[in-house]
Protein chains: 2
Amino acid sequence: MSDPPPKRRLRMTRQRRVILEELKKLKAHPTADEVYEVVRERLPRISLSTVYRDLETLCEWGKVRLLEVGCAKKHFDYDTRDHYHVRCARCGRVENLPVEPFTYLEQAFRDLTDYEVTGHKLELIGICPECKRKEEEEKKSKEEAP
Amino acid sequence: MSDPPPKRRLRMTRQRRVILEELKKLKAHPTADEVYEVVRERLPRISLSTVYRDLETLCEWGKVRLLEVGCAKKHFDYDTRDHYHVRCARCGRVENLPVEPFTYLEQAFRDLTDYEVTGHKLELIGICPECKRKEEEEKKSKEEAP
DNA sequence: CTAGATGCAAATTCTTTGCGGTCAA
DNA sequence: TTGACCGCAAAGAATTTGCATCTAG
């Protein structure tokens, strides 16, 4: 479930550089295949498995962060600092919340569990502006022609 | 990503009853195939796909709750009330935290996002007692014979 | 009776792995 | 030069779906 730091000598390859650059550009928190789609425009011959492998390597390397959000797909983040997220319940999009994590929460919960607490995750769930707009359009069109 | 309530007439079948009963007995938050293994002792001919389908149906029905914890597998909970969880970073086990959710958190975050906030999830990450014990044993055996 | 549920097998989706050729350090 | 990496194809793991058959209401 968690891995020891890698011992091998890591290389900054072209594909890793591009993945990193594109991830930095994206404000969102893309999944592996979203990264693949973007990177492919610059490196048309890159394979999806390389994207998966490189994202994992960059995580071990501390250049990228794997988000364990509450949905099936893995999301990746260029910002490796601890921070909270909002996730859209409709489309799955994930965005940052501009606040410092509440470290006191972990302390507050320590007495409530026999786990050795090492961290916490806070995720807001909601509807993103785009999905909200779509929802309202659909509602309107239903009212007009039911 | 979320579904409207079902319109069809749902049936309390034998398999659904047993799934519900076994889920109630388990203190943990099992995955679909963990439910399958337990239920199979009482209904040897049940199929895994039925377990998946019934767990989903029972969720729609409000009898069971799907936990969207930060790991690949889906976990299910007999307790449908809002509550927080601790997850073991090693083995993935999920347990309840005996506190009332902090509803004020959502209010506090509303101004920080343009999402329409509908809920939040708080998850502690840690090492469960069993994994901690295993870890210490391993460390000890390494020291004895390196 | 009959809409809804089941069991089985096959299909999907996301992710990982094995391998021969390639490339950064 | 050479161990780490790449692309490709194939395998895996978790979950979903199609369909003929059963069954709760």
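Keep in mind that what you see is a predicted model, and the values were worked out from it rather than measured. Throughout, protein chains are lettered first and strands after them, A, B, ... in sequence-line order, and every chain is numbered starting at 1. Atoms considered below: every heavy atom in the structure, side chains included; atoms not considered: hydrogens, waters and symmetry mates.
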When you measure from the side chain of [X], which nucleotide among [options] comes out closest?
X        : options                  : answer
Arg11(A) : dC8(C), dC23(C), dT16(D) : dC23(C)
Arg16(B) : dG7(D), dT6(C), dT15(D)  : dT6(C)
Thr13(B) : dA4(D), dT17(D), dA24(D) : dA24(D)
Tyr52(A) : dC8(C), dT15(C), dC6(D)  : dT15(C)

(request) Could you tell me whether Lys132(B) atom NZ has more than 12 heavy atoms of other residues or ligands within 6.0 Å of it? (result) yes
Could you tell me how far apart [X] ([atom1]) and [N] ([atom2]) are, to the nearest whole angstrom?
X        : N       : atom1 : atom2 : value
Glu60(A) : dT16(C) : CD    : P     : 11 Å
Arg9(B)  : dG25(D) : CZ    : P     : 10 Å
Tyr36(A) : dT16(C) : OH    : P     : 16 Å
Met12(B) : dT23(D) : CE    : P     : 18 Å
Arg40(B) : dG7(C)  : CZ    : P     : 12 Å

Classify [X] by what it touches in the nucleic acid, base, sugar-phosphate, or nothing, heavy-atom distance under 4.0 Å.
X        : answer
Arg53(A) : base
Asp33(A) : nothing
Leu48(A) : base
Ser49(B) : base

[Y] reachable from [X] in the ILVMFWY side-chain graph, under 4.5 Å edges:
X        : Y        : answer
Met12(A) : Val35(A) : yes
Val18(A) : Leu48(A) : yes
Tyr84(B) : Phe76(B) : no
Leu10(A) : Leu58(A) : yes

Has [X] got a side-chain N or O lying under 4.0 Å from the OP1 or OP2 atom of [N]?
X        : N       : answer
Arg14(A) : dC5(D)  : no
Ser47(B) : dT6(C)  : no
Lys74(B) : dT16(D) : yes
Gln15(B) : dT23(D) : no

(request) Starting from the C-alpha separation in whole Å, work towards a yes-or-no answer on salt bridge (charged side-chain N to carboxylate O under 4.0 Å, His left out) for Glu22(B) and Lys25(B). (result) CA-CA 5 Å; Glu22(B) 294 302 319; Lys25(B) 276 197 234 160; 3.0 Å; yes
(request) Classify the angle between the aromatic ring planes of His85(B) and His83(B) as parallel (below 30°), tilted (30 to 60°) or perpendicular (above 60°). (result)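 Because their plane-to-plane angle is over 60°, the rings of His85(B) and His83(B) count as perpendicular.
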(message) If the helix axis at each end comes from five base pairs, how far does the helix from dC1(C)-dG25(D) to dA25(C)-dT1(D) deviate from straight, to 10°?
(response)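 It comes to 40° between the two terminal axes.
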(request) State which residue, out of His120(A), Glu100(A), Arg65(A), fulfils the side chain to side chain contact (heavy atoms under 4.5 Å, CB included) condition with Asp82(A). (result) Arg65(A)
(request) Hey, which sits more toward the 5' end of DNA chain D by its nearest nucleotide, Lys73(B) or Val51(A)? (result) Val51(A)
